[in-house]
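Working notes for the structure below.
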Number of protein chains: 2
Amino acid sequence: MAMKKKPVTGMKDILPREMEIRDYAIGLIKETYKRFGFTSMETPCVEHIENLSSKQGGENEKLIFKILKRGEKLKLTEAETEADLVDGGLRYDLTVPLCRYYSNNANELPSPFKALQMGNVWRADRPQRGRYRQFMQCDIDILGEPTILAEIELILATSTLLGKLDFKKFTIRINDRRILRAMVDYAGFTAPEGETVDYDGIFITLDKMDKIGMEGVREELIGAGYGEETVDRYLELFRKATPDSAGIRLLAEILGDVLPAKISEDLCTIMDTVEGAKEAEFAVAFDPTLVRGMSYYTGPIFEISMDEYGGSVGGGGRYDEMIGRFTGQPTPACGFSIGFERIVMLLLERDFRIPGSEGKTAFLVEKGMPGEKLGQLLKMAKELRSQGAKISIVMMKKNKKFQKEQLTAEGYTEIREFFADREIQ
Amino acid sequence: MAMKKKPVTGMKDILPREMEIRDYAIGLIKETYKRFGFTSMETPCVEHIENLSSKQGGENEKLIFKILKRGEKLKLTEAETEADLVDGGLRYDLTVPLCRYYSNNANELPSPFKALQMGNVWRADRPQRGRYRQFMQCDIDILGEPTILAEIELILATSTLLGKLDFKKFTIRINDRRILRAMVDYAGFTAPEGETVDYDGIFITLDKMDKIGMEGVREELIGAGYGEETVDRYLELFRKATPDSAGIRLLAEILGDVLPAKISEDLCTIMDTVEGAKEAEFAVAFDPTLVRGMSYYTGPIFEISMDEYGGSVGGGGRYDEMIGRFTGQPTPACGFSIGFERIVMLLLERDFRIPGSEGKTAFLVEKGMPGEKLGQLLKMAKELRSQGAKISIVMMKKNKKFQKEQLTAEGYTEIREFFADREIQ
């Protein structure tokens, strides 16, 4: 039977050139994060369908690749709904499996547990350019550390890594979910009687600041029924807050009792400490408009912006309540995820040269070379390889000129020819 | 909602200690194979269900994790069979996806294409100790190389890798599917009129030689209806063939015209060349009883035996007809696969020490350390980390003695304490 040649819809074959960059990035990520005391861990790609459908995943839960039950458990004629047919699904992120892993293995894990996960996740999103249905995620998380030491180490580790990947002009923007809420409280937003203030609705509008500007946000909030005075009082805060720790302090002064002092002090300490101990060239900026989509965040949040790339190339924050909700055991947690696929894409686009990847050698062997001579040649290759050389031995083709051009294009900088009737040397 | 804490049936959470070994092995495998000119490639974990059900996978096709269609394509009420419900499956090996990949991308790939694949595969096998339903495979394949240079390089690369992983006493046993058939022909096995000789049936019996012995094989073949004289003539060949290239030559002499001379000469050249150019300490042995299960092999076959481990820890061979059957374009191919999970298991059992993994340092920070001092401490850590040190900074616990014991158990060889009221130095 003829085969379907293309990969399944929305997923891709990865060619050697991209793989080289991926392998290099994966190696560097593991090495760098291990220097910060993170340890690798892994969960199966298949997860219980119940765990994937527990409402932690938001919109992603609609995008699950579901796995059919097998054997006797699959009762095709009795099945009434999709749920009767499936018992597993491909994970759509690494955070839900991390919670399960931690609750399953906490006794055997150190405390705090500094986890490094690199793994594929799957989402049946509408296919679009540059976005795939299988992609690699790269997360570091610190579980069991309630202090800002977690935030500081996560930001330092991530920025050091980006620096090693030769990224320079990037900014890590930080904010705190509790400051976001305090600003709403201070401005005096109200809710219809019997309801609570719609923080998330206000944040969704605020999140559009970079697209629609301050004036656009103002119009949208007033359009949603909030009083002009409240909205202006709210937006005035953003005008005053400079993107540094002085901005945080000024804001804290204005907000007064609405914001407990420890929250703003901690955020300042995170900024100042990172600024003082950073290894890479980048900026840390306070951004009171930073929202982060997921509602599970409870404290500091952060996001990486890069000039080369319009959007975010990573982000994270503190989510102290999530693990407890799953396991019944309250566990402080904080994580930082980098957009591995975007980083690979950026490296590919700028034709990134992998350090130490030079110096591949090709040995061209004439057809009909006697076994004994071939043996000599392989012994020579052995010596060179054991000293670290990269050598590919291939048969010489009729169109040798074309073959050499091809090898050069593949990155072979030295090409040596060996003939059946000449000495091997 | 409470979460299911265990991983799905038959799959496992991988703990830090095992991950350390896996990460190390993966790094070493990629580095070693790249020295032999192999390039990484990757296919999606999800494959078209049609490609997975094309009869190339043998028994594995019964063990597929199938993926439910999504959206409008899923017609639950109209579906009559399983096939109506699914459009994809998790790959059960890396060879079928390699064929698809090669046919999809051949124009952009070098010729010969020396592929390195490391990736998870899934099989819904009956769960049993030490065997999991998700496991990593590690394959190297050379596509487009018809000569024994392919076999030689595959064996040298694989054995060099095993040597680097500190395996010594292993044997690579080799044989050739065409010798296997010639021996059957020579002995004079016959088939009922109108049928062809049941080579595969005879090989299944032969394959049991190490379990049931020569006498057991004899009984089984006679029991299957073959004449005593034929069977004895067949088994006599195995008695005569010594496990070296002299054995191949002797066998070739006896078989005469039944076996084209080039086949035995090539196998001798493979053995002699590998013996002469090998980097690791291991033996190459001719084993005329070596069968290898898969019927797609067409030429030389090989398998790794290791004293430490009863069974095979890897194997491969030439499969010149498989890719053409899929793509319509005949392509010579030869591959070698190592049992990654078995190798990791062996390294774990012998408490393998990863070279260069010593020297992890823990910084214990007293609670309430002022931000400025924390900054100094992080700066110091930065300097040491940038010189290659592995440092984990953690808050000091009330039970410091227990904390230190735990850190020592995790492999921290140096533990430094920093107090809020003392100088950082």
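Only this structure's heavy atoms are used, side chains among them; waters, hydrogens and symmetry mates stay out. Within every chain, numbering begins at 1; the chains are lettered A, B, ... in the order of the sequence lines, protein sequences first and strands thereafter.
When heavy atoms are compared at a cutoff of 4.5 Å, B:L74 approaches chain A solely by way of its side chain, counted from C-beta outward. With a threshold of 4.5 angstrom between heavy atoms, A:L407 does not approach chain B through any atom at all. The contact between A:E42 and chain B is made by backbone and side chain atoms together, counting heavy-atom distances below 4.5 Å. Looking at B:S103, the atoms closer than 4.5 Å to chain A (heavy atoms on both sides) sit in the backbone and in the side chain alike. No part of A:L63 comes within reach of chain B, as not one of its non-hydrogen atoms sits under 4.5 angstrom from that chain. For chain A, no part of B:T361 is nearby; none of its heavy atoms comes within less than 4.5 Å. At a 4.5 Å heavy-atom cutoff, the contact between B:T147 and chain A is made by side-chain atoms alone. When heavy atoms are compared at a cutoff of 4.5 Å, A:Y102 does not approach chain B at all. Contact annotation for B:T39: only side-chain heavy atoms (C-beta onward) come within less than 4.5 Å of a heavy atom of chain A. Within the 4.5 angstrom heavy-atom criterion, only side-chain atoms of A:L156, from C-beta onward, approach chain B. Using a 4.5 Å cut-off between heavy atoms, A:L116 does not touch chain B at all. Only the side chain of A:R70 has a heavy atom closer than 4.5 Å to any heavy atom of chain B. For chain B, the nearby part of A:K278 is the backbone; its heavy atoms alone come within less than 4.5 Å. Only the side chain of A:I152 comes within contact range of chain B, judged by heavy atoms closer than 4.5 Å. Only the side chain of B:L149 comes within contact range of chain A, judged by heavy atoms closer than 4.5 Å. Contact of A:F38 with chain B is not made at all, since no heavy-atom distance falls under 4.5 Å. Heavy-atom distances place the side chain of A:K30, and not its backbone, under 4.5 Å from chain B. If you measure heavy-atom distances from B:V8 to chain A, the contacts under 4.5 Å come from both the backbone and the side chain. With a threshold of 4.5 angstrom between heavy atoms, A:L384 does not approach chain B through any atom at all. For a residue to count as touching a neighbouring chain, one of its non-hydrogen atoms must lie under 4.5 Å from one of that chain's; by this rule B:L109 touches chain A with the side chain only. Contact of A:C99 with chain B is made through backbone and side chain together, with heavy-atom distances under 4.5 Å. With a 4.5 Å cut-off on non-hydrogen atoms, A:K397 touches chain B through its side chain but not through its backbone. Neither the backbone nor the side chain of B:Y132 comes within contact range of chain A; no heavy atom of the residue lies under 4.5 Å from a heavy atom of that chain.
The shortest side-chain heavy-atom distance between A:K114 and B:S392 falls under the 4.5 Å cut-off. No side-chain heavy atom of A:R35 sits under 4.5 Å from any side-chain heavy atom of B:I391. Using a 4.5 Å cut-off on side-chain heavy atoms (C-beta onward), B:L68 and A:I67 make no contact. You'll find the side chain of B:W122 reaches within 4.5 Å of the side chain of A:V46, heavy atoms only. Using a 4.5 Å heavy-atom cutoff, the side chains of B:D23 and A:K34 are in contact. You'll find the side chain of B:L90 reaches within 4.5 Å of the side chain of A:L90, heavy atoms only.
Heavy-atom minimum distance, B:P7 versus A:P44: CB-CG, 4.0 Å. Across all their heavy atoms, B:T273 and A:G375 have their closest contact at CG2-CA, 3.7 Å. Closest of all the heavy-atom pairs between B:P112 and A:V394 is CG-CG1, 3.8 Å.
A salt bridge between B:E279 and A:K382 is absent, with no side-chain N of the basic residue lying under 4.0 Å from a carboxylate O of the acidic one. Salt-bridge annotation for A:E153 and B:R385: present, with a side-chain N of the basic residue lying under 4.0 Å from a carboxylate O of the acidic one.
Heavy-atom pairs under 4.5 Å with chain B peak, among A:M380, A:Q376, A:R133, A:E410, at A:E410. Interface remark: of the candidates A:E31, A:K360, A:E82, A:E82 forms the most heavy-atom pairs closer than 4.5 Å to chain B. Between chain B and the residues A:G27, A:A115, A:A79, A:P110, the most heavy-atom pairs under 4.5 angstrom are made by A:P110. For the set B:G371, B:G37, B:S40, the count of heavy-atom pairs under 4.5 angstrom toward chain A peaks at B:S40. Of the listed residues (B:I64, B:I142, B:N104), the one with the most heavy-atom contacts under 4.5 Å to chain A is B:N104. Here A:R100 is the residue among A:K379, A:R100, A:K164 with the most heavy-atom pairs under 4.5 Å with chain B. Top candidate by heavy-atom pairs under 4.5 Å with chain A, chosen from B:I393, B:T160, B:D87, B:V365, is B:I393. Chain B forms the most heavy-atom pairs under 4.5 Å with one residue out of A:G388, A:A389, A:G276, A:A124, and that residue is A:G388. Of all the listed residues (A:S111, A:P146, A:G88), the one sharing the greatest number of non-hydrogen pairs under 4.5 Å with chain B is A:S111.
At least one donor-acceptor pair closer than 3.5 Å links the side chain of A:Q134 to the backbone N or O of B:C45. For the pair B:H48 (side chain) and A:K5 (backbone), a donor-acceptor distance under 3.5 Å is absent.
Few gaps surround CD on B:E275; more than 12 heavy atoms of other groups in view lie less than 6.0 Å from it. Enclosure of atom NZ in A:K69 by more than 12 non-hydrogen atoms of other residues, nucleotides or ligands within 6.0 angstrom is indicated. Crowding of B:E80 atom CD: a count of heavy atoms from other residues, nucleotides or ligands under 6.0 Å not exceeding 12.
Within residues 13-20 of chain B, the residues having any heavy atom closer than 4.5 Å to a heavy atom of chain A are B:D13, B:I14, B:L15, B:P16, B:M19, listed by residue number.
Atoms NZ and CG, on A:K6 and B:N105 in that order, are 7.5 Å from each other to the nearest 0.5 Å. Note: B:K4 NZ to A:I49 CD1 = 10.5 Å, rounded to the nearest 0.5 Å.
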- Under the side chain to side chain contact (heavy atoms under 4.5 Å, CB included) criterion, do B:L76 and A:L85 qualify, and how do the steps go? CA-CA 10 Å; B:L76 210 54; A:L85 293 170; 3.3 Å; yes
